[in-house]
Each structure stands twice: as structure tokens, then as C-alpha cells.
Amino acid sequence: MTRQDRIAALKQIAKERILILDGSWGVMIQKRGLDEADYRGERFAGHAQELKGNNDLLCITRPDIIGDLHDQYYAAGADISETNTFSATTIAQAEYDCGEAVYDINYQGARIARERADAWTAKEPHKPRFVAGSIGPLPKMLSMSSDVNDPGARLVTFDEVYQAYREQMIALHDGGVDLYLIETITDTLNCKAAIKAILDLEDEGYEPLPIWISGTITDRSGRTLSGQTVEAFWNSVKHAKPFAIGLNCALGADLMRPHIAELARVADTLVSAYPNAGLPNAMGEYDEQPHQTGHQLHEWAEQGLVNILGGCCGTTPDHIRHVADAVAGLTPRQPPERPTAMRLAGLEPFELA
């Protein structure tokens with residue numbers, strides 16, 4: 001099956017049923033109890049900085065673990081699994097002085113995921129598996145000052161953010177992903193740099209891939225960290241004509257629901273949601289049980305709010321299994337047809353009919 005065949009199949013399946021994304025990678029890697037040697041492997045044995053915690057590096061040093069996690073999520077019912085490349089940009093990897101490894105991290109992450117997806121598709125051809133290239137947030141923001149005494153201060157430029165995302169996307173594309181997932185967005189301007197990188201690559205002859213955009217509402221205010229409401233965020237990125245728009249992280253399902261409902265009201269494309277397993281407890285751990293997550297997301301699906309469901313922080317293959325079982329047979333949301341209007345956004349949405 002060619003990549004364009006897979007993309008066509010993905011779009012067709014999305015019309016027929018609710019798609020299932022995988023769950024948390026961080027919590028599953030943490031359960032492995034890895035040590036510094038696991039992160040270093042042979043390639044980074046002499047690296048000057050400590051590398052433990054740089055989970056993306058495991059695509060190079062422990063591909064067996066990454067492949068096994070893909071298998072666990074596919075076995076649990078996931079249609080789509082993300083590459084283990086959440087922080088695999090030169091800007092994020094600078095913290096570990098691993099910028100030179102960015103291409104290899106992304107390429108190997110995509111290659112591993114592609115290999116496991118293809119193996120599951122061959123075994124269960126009635127349920128093809130797909131790979132989303134994970135493009136996470138950066139530790140530096142374009143929309144917010146890095147100095148409370150200087151509103152114009154920034155630690156990074158738009159061109160630097162654009163270039164960092166471009167390098168990541170080229171490697172993910174080369175490695176065989178089916179779509180790009182720009183996720184856990186706290187800064188819409190950073191997201192715009194990622195979108196521009198994708199669109200420019202298409203203009204340069206790279207095979208076009210669907211774009212999936214997932215923002216993060218940071219608290220009960222209903223806004224992203226850079227201050228936008230859900231509708232304003234959608235207005236800011238809809239020009240990319242994304243395959244899907246959604247929310248993930250920061251909140252559990254109970255607190256995320258009203259924001260997903262708002263997105264479902266305004267977005268004329270697929271809506272995705274992958275909440276945390278509740279809010280973290282005093283120890284930073286997540287207590288929401290798989291059946292609880294499954295029950296809440298079943299209600300969302302039953303109410304026609306979503307097209308894609310999965311899990312973020314604290315969720316495990318068991319959470320994904322319960323979600324998949326809970327929404328099996330339910331009809332996916334039908335994107336609304338909205339009247340033509342000029343829709344703009346700052347922190348708030350603006351519409352001119």
C-alpha cells in the first residue's frame with residue numbers, strides 16, 4: 001500500500017467510525033525504569049551531558065522499547081500511533097546538546113512506527129494502522145516575552161522556529177509517517193511557523209500529508225497559554241485546512257469537555273480529543289482508571305462531539321483499550337456547514353458576515 005493509499009484509507013475510515021489514537025508515551029517509558037546507559041547506547045557513550053530523560057533519544061539507542069510500545073497501543077485498539085519524537089527539534093534538543101541527532105531521531109522514530117504499523121496491517125488487514133509524526137511544543141515561545149521587564153524580549157525568532165520544525169518534518173516525512181501531528185500547542189505563533197514549514201515543503205515537491213493540529217487549554221479559563229480562546233485558536237489555524245483539529249493534555253476529560261464542545265461547534269473538519277487521565281495528584285501521578293476514561297469519552301462520542309479519541313499524560317494501553325471498546329459502533333461527529341464569513345482572531349474571535 002502506498003502512502004497516498006493509506007491516506008485515502010484513513011480519510012474513508014474517518015467517515016465511518018471514530019478513530020482511536022494511542023496514549024501516553026512518557027508514563028510507559030517511565031515504567032521501564034531505564035538508566036543512563038539505556039539513553040546513551042553506543043552512539044552517545046561519551047556524551048558530555050546527562051541524557052536520562054531524553055525519551056526521544058531512545059528511537060536511536062533503544063528501538064526495541066519504542067517498537068514494543070507501538071505494538072502495545074496497536075494491540076489495545078489504536079488506529080493511529082505517534083512517533084516518539086515529541087521533543088525532537090534542534091531547539092528542544094539543545095537542552096541535552098543533541099541537536100546534531102535531530103534528523104536521526106525523527107527518521108528512526110518514523111521508521112520504527114512505520115514498521116510496526118505495517119506489520120499490524122498485514123496481520124489484521126480489516127483494521128489498517130497509521131503513523132502520526134509527533135511535532136511537540138518548544139521550550140521557547142514567539143508570542144510571549146521572556147523578560148517581564150521587556151514585553152518585546154524573545155529567546156527565539158520566527159525564522160529559527162520555522163527552521164527547527166522544517167528539519168523535523170523532513171526527517172519524519174523521509175521516515176514514512178502518514179500525517180503530521182502538531183500537538184500540545186501552547187503558543188499559536190509557534191504553531192503557525194510549523195504550518196508554514198509544512199506548506200513550504202509541499203510547494204518544494206514533498207509529498208503532501210494531512211495536517212492534524214492539537215492545542216492545549218492550560219486551565220479553567222478556557223484559553224491557551226498565549227491567551228487565545230478555543231474559537232480564536234481555530235480561526236488562527238483554519239487556513240491550513242487541517243485534516244483534524246483538537247485539544248490534548250493539561251486537563252482531564254471532565255474539564256476538557258466544554259472546550260471540545262465549543263470546537264465541535266465551530267470547526268468544519270474532524271475534531272480530536274486526547275485528555276489526560278484526570279489531573280495529577282500531589283505526587284504528580286494520575287489516578288483516573290481506564291474504565292473512568294472510557295466512560296467519559298463514550299459520552300462525548302454519544303453526543304456527537306468527536307471524530308478521534310485517545311489519551312495523553314497518565315494514560316496507558318489499558319486506557320486506550322477501554323476507550324476503543326466504549327466508542328465502538330458509535331457514529332462519528334459530522335462537521336457542520338457554517339455560513340461564509342470573514343473570521344479572524346486575536347485573543348478573541350472576530351467574525352464579519
Is it possible for you to say whether [X] and [Y] belong to one hydrophobic cluster, with membership spreading through side-chain heavy-atom contacts below 4.5 Å?
X: W212; Y: W234; result: no
X: L247; Y: L225; result: no
X: L199; Y: L189; result: yes
X: I7; Y: L19; result: no
X: L138; Y: I198; result: yes

Would you indicate whether the side-chain heavy atoms of [Y] and [X] approach each other to under 4.5 Å?
X: V230; Y: R223; value: no
X: E351; Y: M342; value: no
X: R114; Y: D178; value: yes
X: I18; Y: N307; value: no
X: P139; Y: I91; value: yes
X: R257; Y: L305; value: yes
X: C313; Y: V27; value: no
X: E183; Y: C312; value: no

Nearest-0.5 Å distance that lies between atom [atom1] in [X] and atom [atom2] in [Y]:
X: I217; Y: I185; atom1: CD1; atom2: CD1; value: 10.5 Å
X: H70; Y: I112; atom1: NE2; atom2: CD1; value: 6.5 Å
X: D200; Y: Y162; atom1: CG; atom2: OH; value: 3.5 Å
X: Y165; Y: I170; atom1: OH; atom2: CD1; value: 15.0 Å
X: Q296; Y: D254; atom1: CD; atom2: CG; value: 5.5 Å
X: L34; Y: L58; atom1: CG; atom2: CG; value: 6.0 Å

- Assess whether side-chain contact (heavy atoms from CB on, under 4.5 Å) is satisfied between H322 and T293, documenting all intermediate values. CA-CA 8 Å; H322 276 76; T293 303; over 6 Å; no
- Going through the checks in order, is the side chain to side chain donor-acceptor pair (under 3.5 Å) test met by D118 and T121? CA-CA 5 Å; D118 289 348; T121 299; 5.2 Å; no
- Task: Can you label the angle between the Y74 ring and the W120 ring as parallel, tilted or perpendicular, going by 30° and 60°?
- Result: tilted
- Query: Y206 vs H173 aromatic rings, parallel, tilted or perpendicular, using cut-offs 30° and 60°?
  - Reply: perpendicular
- Under the side chain to side chain donor-acceptor pair (under 3.5 Å) criterion, do T188 and Q228 qualify, and how do the steps go? CA-CA 8 Å; T188 307; Q228 286 192 304; 2.5 Å; yes
- Of R32, R116, R62, the residue whose pairing with D68 passes salt bridge (Lys or Arg N to Asp or Glu O under 4.0 Å): R32
State, to 0.1 Å, how close [X] and [Y] come at their nearest heavy-atom pair, and which atoms those are.
X: L155; Y: S146; answer: CG-CB, 3.5 Å
X: A88; Y: I105; answer: CB-CG2, 3.7 Å
X: A197; Y: M169; answer: CB-SD, 3.7 Å
X: A244; Y: T269; answer: N-OG1, 4.0 Å
X: V237; Y: P242; answer: O-CD, 4.1 Å
X: C191; Y: I182; answer: SG-CG2, 4.2 Å

Report yes or no: does [X] contribute a side-chain atom to a donor-acceptor pair with the main-chain N or O of [Y] at less than 3.5 Å?
X: D268; Y: P336; result: no
X: E36; Y: L51; result: yes
X: N248; Y: T216; result: no
X: E348; Y: T229; result: no
X: N235; Y: L344; result: yes
X: R17; Y: P332; result: no
X: S134; Y: N84; result: no
X: E288; Y: P280; result: no
X: T315; Y: H319; result: no
X: D79; Y: I20; result: yes

- Message: With side-chain contact (heavy atoms from CB on, under 4.5 Å) as the criterion, how do N190 and F158 come out once you've worked through the C-alpha distance, each side chain's angles and the decisive distance to 0.1 Å?
- Response: CA-CA 8 Å; N190 281 24; F158 185 92; over 6 Å; no
Looking at [Y] and [X], is there a salt bridge between them, counting it only when a charged N and a carboxylate O are closer than 4.0 Å?
X: R129; Y: E124; value: yes
X: K140; Y: E160; value: no
X: E204; Y: R166; value: yes

Above 12 or not: heavy atoms from other molecules or residues under 6.0 Å from [atom1] of [X]?
X: K127; atom1: NZ; value: yes
X: E16; atom1: CD; value: yes
X: E202; atom1: CD; value: yes

- Task: Determine, step by step, whether D56 and T85 satisfy the side chain to side chain donor-acceptor pair (under 3.5 Å) criterion, reporting the C-alpha distance in whole Å, the side-chain angles of both residues, the deciding distance to 0.1 Å, and the verdict.
- Result: CA-CA 5 Å; D56 295 0; T85 57; 5.9 Å; no
- Determine, step by step, whether Y274 and M256 satisfy the side-chain contact (heavy atoms from CB on, under 4.5 Å) criterion, reporting the C-alpha distance in whole Å, the side-chain angles of both residues, the deciding distance to 0.1 Å, and the verdict. CA-CA 9 Å; Y274 46 116; M256 186 183 286; over 6 Å; no
- Task: Determine, stepwise, if the pair I80 / V131 fulfils side-chain contact (heavy atoms from CB on, under 4.5 Å).
- Result: CA-CA 6 Å; I80 307 168; V131 176; over 6 Å; no
- Task: I would like to know whether D219 and S221 meet side chain to side chain donor-acceptor pair (under 3.5 Å); could you show each step before the answer?
- Result: CA-CA 5 Å; D219 55 33; S221 70; 2.4 Å; yes
